[in-house]
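Scope of the values below: all heavy atoms of this structure, side chains included, with no hydrogens, waters or symmetry mates. This structure is a prediction, so every number in the text was calculated from the model and none was measured.
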Amino acid sequence: MAETVPPAAPLAPSRRRSWWGWGTDDKALSDGECVALGALVPGAADTPLPVPDVRSVDLPKTRITPPPSLAHLMSDTPPDRASHTYGKAYRDVVRALRGELGAAPDQVAFPRSEQDVVDVLDWAEGADVVVVPYGAGSSVVGGVEYRGERRRAVVSLDLAGLDRVLDIDTASRAARIQAGVLGPDLEAQLRPHGLTLRHFPQSFEFSTLGGWLATRAGGHYATLLTHIDDLTESLRVVTPVGVNESLRVPGSGAGPSPDRLFLGSEGTLGVITEAWMRLQDRPRHKASASVLFDDFKAAADAVRAIAQSGLHPANCRLLDPGEAALSGVAGGGRSVLVLGVESAHFPVADRLAELVALAQDHGGSPAGTARPAAGDPAGDPAGGPADDSEAGAWRSAFLRMPYLRDGLARMGVISETFETACTWDRADALYEAVHRDLGAVVREVTGAQGMINCRFTHVYPDGPAPYFTVIAPARRGSEVAMWDEIKSAAMDVLGAHGATVTHHHAVGRDHRPGYDRQRPEPFARALRAAKNALDPAGILNPGVLFDGERG
């Protein structure tokens, strides 16, 4: 039975978003905290880069004036243009701190309805204006930065005004949701109905449903329904040649899926405005445990056994010794496996015990098992009160990591992350190759040993999704060039070992070289043809997925 959802109750006023870095200003590291953090990295700078005043940054002169019919949707103020210039990759943060904002959009559009989106695209096509769809700007792969021909004016299309859950079908356990809604606001609108989307990427607080769909995002606390694809029932997409709305059904064998064309299309084929999404009952029973391993290989074998067991833990996250130490979870060269189970209907203690026993069979030692908890901790995307001390410490470090990355960037330290997925038969060789081969590149580029850590963020019966972190000092003024060299080398290593160039960070512009090698040429030709058919003027986010302005 479908029901119309009334407007959500007003939420508390938002803390001010950082225009240059991750998250909110109130959580960014202070100058003193940056210095203390930098002291942990040999070769870091002595003082942090200052944060420019966004009201006085040097921006290129805007090249377009919107027509009167659209003027009420547009802004060319320095704060709006500066905050929509880049995403949140390391190279984005460094360039913003240095005031290098030559790629700033000429205008930022804030549509309040789907018709507004149609009107902006109609005008932009006629005026040959580039339109870059923008969810909440958390891209770490250059997904929202136009790097094409500078002769063309650019509009950033911010969908934050499309932020409602419009309908809920309680019988089918699904909801029609606008694409611009942020993760916490989405969950707040579903909570009174006892339902949840249960999709929690690390960027949950600062990303939107449309962004998740356009980038095929992967969520945490999700070893069964991992990618947003698994939760999508149908999409509504505005393209320059018309609105594409797929049939809403639980499954279909009627030819290639129209939704699959737009999932992962990163705004270059159309603008996702709505989606029917599959929901879940909110979990009432939760428990977690941590298991320590002296040998990372044994820990990986334990994770494989768990992934293939059919027990489907809600959380199955493995931290190698370096990552465990960096997160403050464990030391002494030990790896840590964090397990979590949850259910909306049944107690979970027995299932958690089975998972821990599997880990013990591979040499693991339980570090702690939390008492199973009932209830649903509102607003906590990564666990709950049932977390044991290790899981709780990991959760806190996990949510704090992007802010630490920004602090390191201010101290002249490269802090790069890249994630991938491979089959189990290749996992050991990949892990060793990244440390060996990429480690050699880090030493050559930075002149320092650096640090390379790994965690398995997601696992499947046929393989893990390793997530690597690289930390090394950089030369002031050369951070971006050094980052580029390390990033390129990482893609080479992944490609040489049959691993994907990205598991959940999308392609954007930074992963394009690796994606071009991974993608079969016949499929590439089909995508270019789709681009030319749906966006014949080449206005939508040129440069992601394809070369050139028109696919």
Checklist entry - Do Asn541 and Thr268 meet the criterion of a side-chain donor-acceptor pair at a distance under 3.5 Å? => result no
Item to check | Atom of Ala82, atom of Trp19 and distance for their closest heavy-atom approach | outcome: CB-CE3, 3.9 Å
Next on the checklist: Looking at Asn244 and Val237, would you say the former's side chain and the latter's main chain have a donor-acceptor pair under 3.5 Å?
Outcome noted: no
Item to check | Heavy-atom closest contact (Glu187 atom, Leu195 atom, distance) | outcome: OE1-O, 4.4 Å
Item to check | Leu269 and Asp535, any side-chain heavy atoms less than 4.5 Å apart | outcome: no
Checklist entry - Using 4.0 Å as the upper bound for N to carboxylate O, is an ion pair formed by Arg95 and Glu145? => result yes
Exercise answer: donor-acceptor pairs, residues 457-464 side-chain atoms, under 3.5 Å, sequence neighbours excluded:
unit_1, atom_1, unit_2, atom_2, d
Thr457, OG1, Ala465, O, 3.4
His458, NE2, Gly219, O, 3.0
Tyr460, OH, His503, NE2, 2.7

Next on the checklist: Looking at Glu444, I'd like to know if its CD atom is crowded, meaning that more than 12 non-hydrogen atoms belonging to other residues, nucleotides or ligands lie closer than 6.0 Å.
Outcome noted: no
Checklist entry - Is the backbone of Ala481 close enough, under 3.5 Å, to the side chain of Ser478 for a donor and an acceptor to pair up by distance? => result no
Next on the checklist: Could you check whether any side-chain N or O of Ser488 sits under 3.5 Å from a backbone N or O of Asp484, counting only pairs where one atom can act as donor and the other as acceptor?
Outcome noted: no
Item to check | Side chain to side chain, Val165 and Leu190, heavy atoms closer than 4.5 Å | outcome: yes
Checklist entry - Can you tell if the side chain of Lys531 reaches within under 4.5 Å of the side chain of Leu545, non-hydrogen atoms only? => result no
Item to check | Residue pair Gln189, Val181: steps toward the side chain to side chain contact (heavy atoms under 4.5 Å, CB included) verdict | outcome: CA-CA 10 Å; Gln189 293 179 65; Val181 65; 3.9 Å; yes
Checklist entry - Between His497 (side chain) and Arg426 (backbone), is there a donor-acceptor pair under 3.5 Å? => result no
Checklist entry - Taking Ser203 for the side chain and Phe206 for the main chain, is one N or O donor matched with an acceptor at less than 3.5 Å? => result no
Next on the checklist: Here's a test for you: under salt bridge (charged side-chain N to carboxylate O under 4.0 Å, His left out), which of Arg91, Lys487, Arg405 qualifies with Glu416?
Outcome noted: Lys487
Next on the checklist: Would the distance check show the side chain of Lys88 and the main-chain N or O of Gly21 forming a donor-acceptor pair, the cut-off being under 3.5 Å?
Outcome noted: yes
Checklist entry - Can Glu274 and Arg164 be counted as an ion pair, charged N to O under 4.0 angstrom? => result no
Checklist entry - Gln518 and Ala499: which non-hydrogen atoms are nearest, and at how many Å? => result OE1-O, 4.4 Å
Checklist outcome for this item: Rounded to the nearest 0.5 angstrom, the OG-NE2 distance for Ser309 and His312 is 7.5 Å
Checklist entry - Can you list every pair that meets salt bridge (charged side-chain N to carboxylate O under 4.0 Å, His left out) and has a residue in residues 112-121, with sequence neighbours left out? => result Glu114-Arg236
Checklist entry - When the ring planes of Phe200 and Phe204 are compared, do they come out parallel, tilted or perpendicular, using 30° and 60° as the limits? => result perpendicular
Item to check | Phe418 and Tyr467, any side-chain heavy atoms less than 4.5 Å apart | outcome: no
Checklist outcome for this item: For Asp158 and Ala160, the nearest pair of non-hydrogen atoms, with its separation, is OD1-N, 2.9 Å
Next on the checklist: Assess, by modelled atom type and distance only, whether the side chains of Asn315 and His220 contain a donor and an acceptor separated by less than 3.5 Å.
Outcome noted: no
Next on the checklist: For a side chain to side chain contact (heavy atoms under 4.5 Å, CB included) check, start with the C-alpha distance between Leu186 and Ile177, then their side-chain angles and the critical distance, and finish with the verdict.
Outcome noted: CA-CA 8 Å; Leu186 167 58; Ile177 307 167; 3.6 Å; yes
Checklist entry - Does a donor on one side chain and an acceptor on the other come within less than 3.5 Å for Thr423 and Asp425? => result yes
Next on the checklist: I'd like to check Ile452 versus Val434 (side-chain heavy atoms, cut-off strictly below 4.5 Å). Are they in contact?
Outcome noted: yes
Checklist entry - For Leu231 and Ile228, what are the C-alpha separation, side-chain angles and deciding distance, and is it a side chain to side chain contact (heavy atoms under 4.5 Å, CB included)? => result CA-CA 5 Å; Leu231 305 173; Ile228 197 68; 4.3 Å; yes
Next on the checklist: Can you tell whether the side chains of Asp547 and Arg512 come within less than 4.0 Å, N to carboxylate O?
Outcome noted: yes
Checklist entry - Asp106 side chain to Val154 main-chain N or O, any donor-acceptor pair under 3.5 Å? => result yes
Next on the checklist: For a 4.5 angstrom cut-off between non-hydrogen side-chain atoms, does Ser207 reach Leu182?
Outcome noted: no
Checklist entry - What is the distance from atom OG1 of Thr232 to atom NE2 of His199, rounded to the nearest 0.5 Å? => result 9.0 Å
Checklist entry - Is the closest basic N to carboxylate O distance between Asp169 and Arg248 below 4.0 Å? => result yes
Checklist entry - Could you give the distance from CG (Asp185) to CD (Glu205), rounded to the nearest 0.5 Å? => result 10.0 Å
Checklist entry - With the threshold set at 4.0 Å, does a side-chain nitrogen-carboxylate oxygen contact exist between Arg278 and Asp230? => result no
Item to check | From CA spacing to verdict: salt bridge (charged side-chain N to carboxylate O under 4.0 Å, His left out), Asp76, Arg81 | outcome: CA-CA 6 Å; Asp76 61 2; Arg81 293 180 66 200; over 6 Å; no
Checklist entry - Counting distance only, does the side-chain N/O of Asp167 pair as donor-acceptor with the main-chain N or O of Arg176 below 3.5 Å? => result no
Next on the checklist: Test side chain to side chain contact (heavy atoms under 4.5 Å, CB included) on Gln107 and Ile64; report intermediate values, then the result.
Outcome noted: CA-CA 8 Å; Gln107 297 278 346; Ile64 49 169; 3.9 Å; yes
Next on the checklist: Does any part of the side chain of Val303, heavy atoms only, come nearer than 4.5 Å to the side chain of Ile306, both counted from C-beta?
Outcome noted: no
Checklist entry - For Val108, does its backbone N or O pair with a side-chain atom of Ser75 as donor and acceptor, under 3.5 Å? => result no
Checklist entry - With sequence neighbours left out, which residue pairs that include part of residues 260-271 fulfil the salt bridge (charged side-chain N to carboxylate O under 4.0 Å, His left out) condition? => result Asp229-Arg260
Item to check | Heavy-atom closest pair, residues Val470 and Val442 | outcome: CG1-CG2, 3.8 Å
Checklist entry - If we only count heavy atoms from C-beta on, is the Tyr146 to Pro105 side-chain gap below 4.5 Å? => result no
Checklist entry - Is the Lys NZ or Arg CZ of Arg400 less than 6.0 Å from the centre of Tyr403's six-membered ring, within 45° of the axis? => result yes
Item to check | Under-4.0 Å salt bridge between Arg517 and Asp492 | outcome: yes
Checklist entry - For the atom pair CD1 (Ile414) and CE (Met451), what is the distance rounded to the nearest 0.5 Å? => result 13.5 Å
Item to check | Residue pair Leu213 / Ala275: nearest heavy atoms and the distance that separates them | outcome: CD1-CB, 3.7 Å
Item to check | CZ (Arg525) with more than 12 external heavy atoms under 6.0 Å | outcome: no
Checklist entry - Quick one: CG on Asp406 to OG on Ser18, what's the gap to the nearest 0.5 Å? => result 6.5 Å
Checklist entry - Should the heavy atoms of other residues, nucleotides or ligands under 6.0 Å from CG of Asp58 be counted, would the total exceed 12? => result no
Item to check | From OG1 (Thr239) to CG (Leu534), nearest 0.5 Å | outcome: 5.0 Å
